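Structure, as structure tokens:
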Amino acid sequence: VQLQASGGGLVQTGGSLRLSCAASGNIVSIDDMIWYRQAPGKQRELVATVTSDGSTNYADSVKGRFTISRENAKNTVYLQMNSLKPEDTAVYYCNAPRTRVAGKGGKFDYWGQGTLVTVSS
């Protein structure tokens, strides 16, 4: 199973970006799909979570600006980021911590490679 994140880039303050993360492989099901971010010199922090039935949760710092969504048929999660601020600058990672894989028992934790978002002031 691989998670491929894309959509990062350089944007001015107040701008928007849409991140995507597609999971591929012998996937049976994915429970939560999560976006994290890690800014330079800081710890990784949870940004947003979407459950398999579409329930969402956000960090206080992004509420009202970011929207997480997913397409279960494509095993893909999105993060629409609006009204971006310089403090949103970070590498954004997608995570599928409880993924059921064909031919294997149990659930597995997978991470994407990260995509860099830079917000200029």
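Note that this is a predicted model, so its numbers are computed, not measured. For the numbers below, each heavy atom of this structure counts, side chains included, while hydrogens, waters and symmetry mates do not.
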Could you go through the side chain to side chain contact (heavy atoms under 4.5 Å, CB included) check for Tyr58 and Val47 one step at a time?
-> CA-CA 6 Å; Tyr58 298 92; Val47 175; 5.9 Å; no
List the steps and the verdict of side chain to side chain contact (heavy atoms under 4.5 Å, CB included) for Leu79 and Phe66.
-> CA-CA 7 Å; Leu79 187 68; Phe66 290 12; 4.1 Å; yes
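For residues 42-56, the pairs satisfying salt bridge (Lys or Arg N to Asp or Glu O under 4.0 Å) are Arg37-Glu45, with sequence neighbours left out. Contacts classified as salt bridge (Lys or Arg N to Asp or Glu O under 4.0 Å) and involving residues 16-28 (residues at least two apart or in different chains) are not found. Each side chain to side chain donor-acceptor pair (under 3.5 Å) pair with one or both residues in residues 69-78, not counting sequence neighbours, appears once here: Arg70-Asn72, Glu71-Tyr78. Sequence neighbours left out, the pairs with a member in residues 105-116 that pass salt bridge (Lys or Arg N to Asp or Glu O under 4.0 Å) are Asp31-Lys107.
Here Ser83 pairs with Arg65 under the side-chain contact (heavy atoms from CB on, under 4.5 Å) rule; sequence neighbours left out. Judged as a side chain to side chain donor-acceptor pair (under 3.5 Å), and not counting sequence neighbours, the contacts of Arg98 are Asp32. Applying the side chain to side chain donor-acceptor pair (under 3.5 Å) criterion to Thr56, with sequence neighbours excluded, gives no partner residue. Partners of Ser121 under the side chain to side chain donor-acceptor pair (under 3.5 Å) rule, at least two apart in sequence or in another chain, do not exist in this structure. Scored by the side-chain contact (heavy atoms from CB on, under 4.5 Å) test, Ala102 finds Asn26, Val28 as partners (sequence neighbours excluded). Ser29 is linked by a side-chain contact (heavy atoms from CB on, under 4.5 Å) to Arg100, counting only residues two or more places apart in sequence or in another chain. Evaluation of the side chain to side chain donor-acceptor pair (under 3.5 Å) rule for Lys85 yields no partner, not counting sequence neighbours.
Atom CE of residue Met33 and atom SG of residue Cys94 lie 6.5 Å apart, to the nearest 0.5 angstrom. To the nearest 0.5 Å, atom OH of residue Tyr110 and atom CG of residue Leu3 are 9.5 Å apart. If you take CE on Met81 and CG on Asp88, they are separated by 7.5 Å, rounding to the nearest 0.5 Å. For the atom pair OG1 (Thr51) and CD1 (Ile30), the distance works out to 12.5 Å, reported to the nearest 0.5 Å. Here the CG-OG1 distance, from Leu84 to Thr89, works out to 8.5 Å after rounding to the nearest 0.5 Å.
Tyr36 shares a hydrophobic cluster with Ile34, Leu46, Val91, Tyr93, Trp111, Leu116; the chain of contacts runs through ILVMFWY side chains whose heavy atoms sit under 4.5 Å apart.
Using a distance-only test at 3.5 Å, with no hydrogens or angles considered, no donor-acceptor pair links the side chain of Gln43 to the main chain of Gln38.
Cluster annotation: Leu10 and Leu17 are assigned to distinct hydrophobic clusters (Ile/Leu/Val/Met/Phe/Trp/Tyr, side-chain heavy-atom contacts under 4.5 Å, transitive).
Heavy-atom contacts from other residues, nucleotides or ligands closer than 6.0 Å to CD of Gln2 number 12 or fewer.
Residues Trp35 and Leu19 form a side-chain contact, since some pair of their non-hydrogen atoms from C-beta on lies under 4.5 Å apart. Between Ser24 and Gln4, every side-chain heavy-atom pair lies at or beyond the 4.5 Å cut-off. In this structure, Cys21 and Val77 have side chains that are in contact, with non-hydrogen atoms separated by less than 4.5 Å.
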